[in-house]
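Please read all numbers here as calculations on a predicted model, not as lab measurements. So you know, we letter chains A, B, ... as the sequences are listed, proteins then strands, and number each from 1. Heavy atoms only: backbone and side chains are in, while hydrogens, waters and symmetry mates are out.
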Amino acid sequence: MTTPYNFPHDTFADEIHQRFTDLEAGGETGVTVAVAGRVMLLRVQGKLSFGTLRDSSGEIQLFALSAVTESFEDFTKLHLGDWVGVTGEVVRTRKGELSVKVATWQVLAEARHNFGDKWAGINDFDVRYRHREADLWANPESRTALASRSGVIRSLREQLWSRGFMEVETPMLNSVPSGAAARPFVTHHNAFDVDFSLRIAPELWLKRLVVGGFERIFEIGRVFRNEGVSPRHNPEFTMIELYVAYWDVYDMMRLTEEICAGAAESVLASTTLTYQERPLSFATPWARRSMADLVSEAVGEDVSVHTPRERLVTLLSERGGEANEAWGTGRLLSELFEVACEADLWEPIFVTDFPLEVSPLARRHRDDDLLTERFEVYCAGRELANGFSELTNPDEQRKRFEDQARLKAAGEDETMEIDEDYIKALEWGLPPTAGLGIGVDRLAMLIADAPNIREIIAFPTLKPLRG
RNA sequence: GCGCCGAUAGCUCAAUUGGCAGAGCAUUUGACUCUUAAUCAACAGGUUCCGGGUUCAAGUCCCGGUCGGCGCACCA
C-alpha cells in the first residue's frame with residue numbers, strides 16, 4: 001500500500017471537544033477540520049459507520065456516511081490500529097457524540113498487528129516491555145507514566161534554571177569509574193586500544209567544574225551500574241546531580257525538598273500524592289532526623305558511632321545482619337539503619353549525620369569527627385536522594401580514598417577507586433560546596449505512582465531472547 | 001546469582017482426578033441510516049514457551065532449558 005508523504009493536519013481531538021462543547025445533539029458547525037491518528041474502534045452499521053480516532057491529545061469520533069464519505073466501502077474495512085488522516089465537518093450526532101463527519105480520508109499507515117484486546121489491552125509484561133510502542137497505544141496509563149516522567153525532568157530543569165543554575169555535561173566514558181561504589185560496565189575504545197568504563201556517577205567531574213569557576217551547575221543524565229535488576233533498579237538509570245559553591249548541607253536540604261515538591265506540584269498540581277494506594281506528602285519542610293536517632297529508636301537503646309563495636313555487632317546479628325571484621329562502628333551503624341529503619345520510612349525524610357566511614361566524598365561533621373555532613377532522603381521505604389557538604393581538602397580526600405583501597409584489600413567488592421586527577425583538581429582549590437544527587441527514576445516512580453521502575457523507563461533493559 | 005510463581009488462538013483468559021483444547025474480542029463473510037467495548041448470523045483460527053521422560057492417554061505429572069513477575073542478594 002502506498003501512503004502519502006504528508007498530511008495537512010490542523011486540529012487535535014481535544015481542541016474539537018473544547019471548542020464545540022456547547023454544540024447541541026444533531027447540530028452542525030460548518031467548520032471543516034483535518035485530524036489524524038489511529039482508528040481505535042470501528043462500528044459499522046450498514047450505510048453509517050462510526051469510528052473512534054485517537055491522537056496524542058485524546059479521542060474524537062469519526063462519523064462516516066455512504067452518501068457523504070469518499071470510498072465509504074473501504075472506510076468500513078479499516079483495521080483497528082490503522083493510522084488515518086481525515087477531513088470533514090465537525091458535527092454532533094443525534095445521539096450526542098461530537099464527531100468529524102468524514103468527507104475525505106486516507107490511510108497514513110497500516111497496522112499489521114493488533115493492539116491487544118480492545119478492553120483489556122496488553123497485559124503480558126514480556127510483550128509490553130519488548131514492544132513498548134504497542135503497549136503505549138494499547139494502555140493509556142503506560143503513556144501517562146512516561147509523560148509524568150517527562151514532566152518531572154522538565155520541572156527539575158525549569159526550577160534550577162530559574163535559580164541561576166547552568167546545565168552541563170560530563171564524560172560517560174571514564175578510565176577510572178568514580179563518584180560511587182558500584183561495579184561498572186566496561187567497553188573498549190579501538191583507536192586508543194584501551195578499556196573505558198561507563199560512568200557510575202558524574203560527581204567528580206562536576207566538582208572539577210566548580211573548581212573551574214561554575215558556581216551553580218547541574219547535570220541530568222544516564223549512569224550505568226553493572227548490577228542486578230529489580231522493580232527499583234535498572235542497569236542504566238537517570239540521575240540529576242547539582243553543585244552549589246558556598247553552600248553547606250543544610251542549604252542543600254532546603255533546595256532538595258523544594259525541587260522535589262515542585263516537581264510533584266508541576267505534574268500533579270499537588271504536593272499530596274498517592275503511592276500504591278498509600279497517601280504520601282511531599283509538602284515542605286520534610287522531617288530531619290539523624291541516622292543515630294533513627295537507629296536508636298528502632299533498636300530501643302541509645303546507639304551511635306561511639307557505641308562499642310561489639311554492641312553494634314550484636315544488635316546487627318539479632319536482626320539477621322552479618323558483620324564483616326573490617327567494618328568499624330560507622331559501617332555497622334549504617335548497616336543497622338538499613339535492616340532496622342529503611343523499609344519503614346514512608347513520608348520523605350532527611351536522614352542526616354552519616355558516618356564518615358561510609359561517606360568517602362563528604363566533609364567531616366563540624367561537631368563529630370566520626371560523622372560527615374551528609375544526608376540521604378528516604379521515601380516509600382527506599383533511598384531517593386543523597387547530598388552533602390563536599391570534602392574539599394585534597395590531603396584528606398587522598399586518605400579517604402586510601403581507606404577505600406584498604407577495604408578492597410579486606411575483601412569488600414565495591415569500593416571507590418583512587419582518582420589522582422580528582423585529587424589534583426582539589427589541589428587547585430574547591431571552595432566550600434554542597435552537592436546533591438537524586439534518582440530521577442525513583443522520583444518519577446513516586447509521582448507517577450509506578451510500582452516498577454520499568455513503567456517509567458521507555459525501553460527498560462531486558463534480557464535478549466535466545467534461540 | 002538464589003528461591004517461589006507464571007507462559008494455552010493475534011489479544012484477554014477458561015479447561016474438574018491425567019481422558020475429544022474452549023470462550024469473548026480481533027481477523028474473514030453476510031445483515032443493519034445514530035453507534036459508544038454497537039448488535040445479530042456464519043466461517044476460520046492451536047508446535048498448549050522449547051527439549052526430554054512417565055503413561056493406554058499429558059495443557060495437566062517428572063527432569064532440563066528459555067523468557068517474565070515477585071522476593072532475597074547487590075545497589076540508587
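Note that A:Arg54 lies outside the cation-pi zone of A:Trp137, set by a 6.0 Å cut-off to the ring centre and a 45° limit from the axis.
Across B:A76, B:G68, B:C70, the shortest atom-to-atom separation from the side chain of A:Pro231 is found for B:C70. The side chain of A:Arg43 approaches B:A38 more closely than any other nucleotide in the set B:U12, B:C72, B:A38. Set against B:G69, B:C67, B:A73, the side chain of A:Tyr129 has B:G69 as its closest nucleotide.
Protein atom CZ of A:Phe115 is 13 Å distant from nucleotide atom P of B:C11, rounded to whole Å. Here the C1' atom of nucleotide B:A73 and the CD atom of A:Glu322 are 12 Å apart, to the nearest Å. Per the geometry, NE2 belonging to A:His113 stands 16 Å off C1' belonging to B:A9, to the nearest Å. Atom pair A:Gln61:CD and B:C34:P shows a separation of 13 Å (rounding to whole Å applied). Nucleotide B:G45 holds its C1' atom 13 Å from the CG atom of A:Asn114, rounded to whole Å. At whole-Å resolution of the value, CZ in A:Arg112 and P in B:C11 are 18 Å apart. Put simply, CG on A:Leu78 is 11 Å from P on B:U27, counting in whole angstrom units. Whole-Å rounding puts the A:Asp124 CG to B:C49 C1' distance at 11 Å.
Residue A:Asn226 places none of its side-chain N or O atoms closer than 4.0 Å to OP1 or OP2 of B:C74. Between A:Arg454 and B:G69 there is a side-chain polar atom (N or O) within less than 4.0 angstrom of OP1 or OP2. Within the structure, a side-chain polar atom (N or O) of A:Arg225 is placed less than 4.0 Å from OP1 or OP2 of B:A76. Of the side-chain N and O atoms in A:His79, one or more sit less than 4.0 angstrom from OP1 or OP2 of B:U28. Contact check, A:Asn123 against B:C11: no side-chain N or O comes under 4.0 Å of OP1 or OP2. OP1 or OP2 of B:G68 sits under 4.0 Å from a side-chain N or O of A:Arg130. Between A:Gln45 and B:C34 there is a side-chain polar atom (N or O) within less than 4.0 angstrom of OP1 or OP2.
For the side-chain contact (heavy atoms from CB on, under 4.5 Å) with A:Arg442, the qualifying choice from A:Leu384, A:Val377, A:Ile447, A:Ile456 is A:Leu384, the only one to do so. For the salt bridge (charged side-chain N to carboxylate O under 4.0 Å, His left out) with A:Glu390, the lone residue among A:Arg363, A:Arg374, A:Lys207 that qualifies is A:Lys207.
Comparing A:Leu80 and A:Pro451, the nucleotide of RNA chain B nearest to each residue sits closer to the 5' end for A:Leu80. Map A:Leu384 and A:Thr93 each onto its nearest nucleotide of RNA chain B; the residue landing nearer the 5' end is A:Thr93.
In terms of the salt bridge (Lys or Arg N to Asp or Glu O under 4.0 Å) criterion, residue partners of A:Glu373 (sequence neighbours excluded) are, by chain and number, A:Arg366.
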**OP:** Give the intermediate values and the outcome of salt bridge (Lys or Arg N to Asp or Glu O under 4.0 Å) for residues A:Glu257 and A:Arg288.
**Re:** CA-CA 11 Å; A:Glu257 61 192 3; A:Arg288 288 154 165 76; 3.3 Å; yes

**OP:** Just do the salt bridge (Lys or Arg N to Asp or Glu O under 4.0 Å) check on A:Glu24 and A:Arg92 with the steps written out, would you?
**Re:** CA-CA 7 Å; A:Glu24 73 280 8; A:Arg92 195 179 287 281; over 6 Å; no

Original post:
Step by step, would you call A:Phe63 with A:Phe50 a ring-ring contact (aromatic ring centres under 6.0 Å, His included)?
Top reply: CA-CA 5 Å; A:Phe63 178 31; A:Phe50 303 89; 5.1 Å; yes

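In this structure, A:Asn386 reaches neither bases nor backbone, as no heavy-atom distance under 4.0 Å exists between it and the strands shown. Residue A:Glu383 is in sugar-phosphate contact alone, with no base atom involved, counting any heavy-atom pair closer than 4.0 Å across all strands shown. If you check every strand for non-hydrogen atoms under 4.0 Å, A:Phe125 touches sugar and phosphate atoms only. Residue-level contact check: A:Gly26 touches neither bases nor backbone, having no heavy atom under 4.0 Å from any strand. Contacts of A:Val44 with the nucleic acid, taken as non-hydrogen atoms under 4.0 Å apart, include base atoms. Among the protein residues, A:Lys47 comes within range of the nucleic acid bases, having at least one heavy atom under 4.0 Å from a base atom.
Going from the C1' atom of B:A23 to that of B:G46 covers 15 Å, rounded to whole Å.
Atom CZ of A:Arg19 has 12 or fewer neighbouring heavy atoms from other residues, nucleotides or ligands inside a 6.0 Å radius. Few gaps surround CZ on A:Arg143; more than 12 heavy atoms of other groups in view lie less than 6.0 Å from it.
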Taking only nitrogen or oxygen atoms into account, show me every contact under 3.5 Å that the protein makes with nucleotides 23-25 of chain B, one pair per line with its distance.
unit_1, atom_1, unit_2, atom_2, d
B:G24, N2, A:Asp117, OD2, 2.8
B:C25, O3', A:Lys118, NZ, 3.2

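Both thresholds, 5.5 Å between centres and 30° between ring planes, are not jointly met by A:Phe50 relative to the base of B:A38, so the two rings are not stacked.
Not one N or O on the side chain of A:Asp195 forms a donor-acceptor pair closer than 3.5 Å with the backbone of A:Val186. Here the side chain of A:Arg132 pairs no donor or acceptor atom with the backbone of A:Val127 at under 3.5 angstrom.
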Original post:
For RNA chain B, what is the dot-bracket line, given that a base pair needs Watson-Crick (N1 to N3, plus N6-O4 or O6-N4) or G-U wobble (N1-O2 and O6-N3) geometry with both distances under 3.5 Å, and | means paired with another strand?
Top reply: (((((((..((((.....[..))))..((((.......))))......(((((..]....))))))))))))....

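Residue A:Asp126 places no side-chain atom within donor-acceptor reach of the base of B:G68, judged by atom type and a 3.5 Å distance cut-off alone.
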